[in-house]
Amino acid sequence: MFITITRDTLCRIGAGAGVCALLAALFFLLPQQEEPDAAQTTAQAQAAAEITDWGLSFQVSGEPPVGNVSAETLRQWNAYYVGDTSKKTIYLTFDAGYENGFTASILDTLAAHHAPACFFVVGNYIDTAPELVQRMVDEGHIVGNHTLHHPDMSAIADKDAFSAELTGLEEKFTALTGQPMSKFYRPPQGKFSEENLRQAQELGYTTVFWSLAYVDWYTDNQPTDEQAFSKLVPRMHNGAIVLLHSTSETNARILDELLTRWEQAGYTFGRLTDLAAG
């Protein structure tokens, strides 16, 4: 066990004047540990916080979760994890790393509910499922940038290399659709750094995290319908940015009922363009 004693506390422990003087003398004979410089402490704290895995804390059912970076802090880099919490609006997003046979069904359900969504795709998805990407565009959905190769973007320090992951996907999208790509970016695996956010902003992007998700990405260990509803229904909140994976069989199966339940609770579905504009 270690006890830290400072000069200021030596004479506050009830010792007599002689003992206090003796202890004070001994204090100056002991090797002293320098107190860290304030600037050094700040620099260390900033370095420790620079690379972050996006995380949420759900503290009150039906209320927006607390992110490990605040909404106010994120906005300085044109980044969001939640929308206007005074409005019962939901923003649907799907991460699409590859096609697993369920996206067509998801698109059918979205059309039936007149619900816009954003599909964050990677380069491989455009290469292997161009007809689905074109259908997303034709049906009025946003196709967002999930990078060309889905790397850990927080590990990329070089600005040109970071830019290449985004612009490379833009080029594939434009070559397929003849349209410029919408400037919405989701960091793969939610890994990011402050520098990443700054670089994305300089490239004209809005970075989009999420305020509601669940473990739906293990294709060989899919949640049951009941498990999915238990996470996605009671945790719904105003301004929610919902992350679902289009590779999930469970998501494709429950989506119609899920959207119906949210609609019955008074929620409507918004577009990310409205989120950024607000």
Using distance alone, with no hydrogens and no angle criterion, decide if Gln222 and Ser248 have a side-chain donor and acceptor under 3.5 Å apart.
yes
Would you please say whether a donor-acceptor pair under 3.5 Å links the side chains of Tyr125 and Ser246?
no
Could you tell me whether the side chain of Glu165 and the main chain of Phe162 form a donor-acceptor pair under 3.5 Å?
no
OG1 of Thr268 to NE2 of His113, rounded to nearest 0.5 Å, is 14.0 Å
Spacing of Leu197 atom CG and Thr207 atom OG1 [to the nearest 0.5 Å]
5.0 Å
Run the side chain to side chain donor-acceptor pair (under 3.5 Å) test against Asp216 and tell me which residues pass, sequence neighbours left out.
His245, Asn251
Aromatic ring proximity Tyr91/Tyr80, centre distance under 6.0 Å
no
Whether Trp54 and Trp210 hold their rings parallel, tilted or perpendicular, with breakpoints at 30° and 60°:
perpendicular
Is the side chain of His237 donor-acceptor paired with the backbone N or O of Arg235 at a distance under 3.5 Å, no angle test?
yes
Charged N to carboxylate O below 4.0 Å: is that the case for Glu170 and Lys183?
yes
Judged by modelled atom types alone, do Asn78 and Thr206 share a side-chain donor-acceptor pair under 3.5 Å?
yes
Tyr214 side-chain N/O to Gln227 backbone N/O, donor-acceptor pair under 3.5 Å:
no
For the backbone of Phe209 and the side chain of Arg186, can you confirm whether one donor and one acceptor N or O come within less than 3.5 Å of each other?
yes
Quick test of your reading of the model: are Arg261 and Glu257 salt-bridged, counting only N-O distances below 4.0 Å?
yes
Check this for me: Lys231, atom NZ, are more than 12 non-hydrogen atoms of other residues, nucleotides or ligands nearer than 6.0 Å?
no
